[in-house]
Engineer: 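Quick one: structure below, then a few questions.
When a ligand or atom number is given, it counts from 1 through the structure's own listing order.
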Amino acid sequence: MLHHIFDTHAHYDDERFDGDREAVLASLPSKGVHAVLNAACDKKSCLTSIELSRSYDFIYASVGIHPHSADEFSESDTELLAGYTKLPKVVAIGEIGLDYHYDFSPRETQKLVFERQIQLALELDLPIIVHDREAHADTMELLQKYRPRGILHCYSGSAEMAKEILKLGMYIAFGGAVTFKNARKTLEAAAAVPLERLLVETDCPYMTPEPLRGTRCDSSLIAYTAQKLAELHGVDPQQLLDRTCKNAYEVYQIAE
Ligand code: NI
């Protein structure tokens, strides 16, 4: 069985796990899941992510305000978030970024809130987890301005943009989308990322890989994503999982 799965981006606080969260989480270690980062997206999920990290040895948390919730951010929240990062298993600021697909918050607000949280991550010397949906140019502008450490999550940009991100020293994470039929552009980008900067993730309960697309996702299904990425890089899936697990420890600075 494949093991050493480090799911660098999951949302187990999502309501789609309300019916069986404990059972799903308890089953993961026996399915090859080594560790999970539960990513916060608003103030409420900062708390639930922290709670999960307290309840399960293998779960870590990030804290941050997603672009969808940028409207709820105020300056005093930087202190709130900074306080949370003092907890031992809070290892990143995220997920933060820009989403011009849904535009749930005004773009100017999204940009200000993203920028403020990048500054916070730099002050705290923490990595960031970046959400960029249809906002590649503005995302790159802020990343190049500040050069933070961290991860481009659920990467959807081009291979060219991936090379620019690699130059900044950042890691790039891929999920179930690499298994989809229309994944040509994403696969080109994934091929351009060397193994030592590659990460795997689910974004569960969303982005379930093929052949299970349409069902609820959990971290064990990274096995399908790893298979596809391993094929692309000409290594075996376990080698790919070993390396991406090591990378996750590096980017989140977790002592092994
Ligand atoms: Ni997410």
Engineer: If you look at E95, which of its N/O/S atoms is nearest to the Ni ion (ligand 1)?
Structural biologist: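 It is OE2 of E95.
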
Engineer: If you measure only the distance, is there a donor-acceptor pair under 3.5 Å linking the side chains of D42 and S45?
Structural biologist: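 There is such a pair (donor and acceptor under 3.5 Å, judged by atom type) between the side chains of D42 and S45.
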
Engineer: Could you check which N/O/S atom of H11 is closest to the Ni ion (ligand 1)?
Structural biologist: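 Of the nitrogen, oxygen and sulfur atoms in H11, the Ni ion (ligand 1) lies nearest to NE2.
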
Engineer: Check whether Y155 and L142 end up in the same hydrophobic cluster, where Ile, Leu, Val, Met, Phe, Trp and Tyr are linked by side-chain heavy atoms less than 4.5 Å apart.
Structural biologist: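 They do share one cluster, since a chain of ILVMFWY contacts under 4.5 Å joins Y155 to L142.
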
Engineer: Once you measure the plane-to-plane angle for H66 and H68, does it fall in the parallel (<30°), tilted (30-60°) or perpendicular (>60°) bin?
Structural biologist: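 Rings of H66 and H68: tilted, as their planes differ by 30° to 60°.
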
Engineer: Give, rounded to 10 degrees, the angle between NE2 (H9) and OD1 (D203) as seen from the Ni ion (ligand 1).
Structural biologist: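 Once rounded, the angle between the two atoms at the Ni ion (ligand 1) is 90°.
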
Engineer: Angle class for the Y249/F6 ring planes (parallel below 30°, perpendicular above 60°, tilted otherwise)?
Structural biologist: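 Perpendicular: the ring planes of Y249 and F6 meet at over 60°.
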
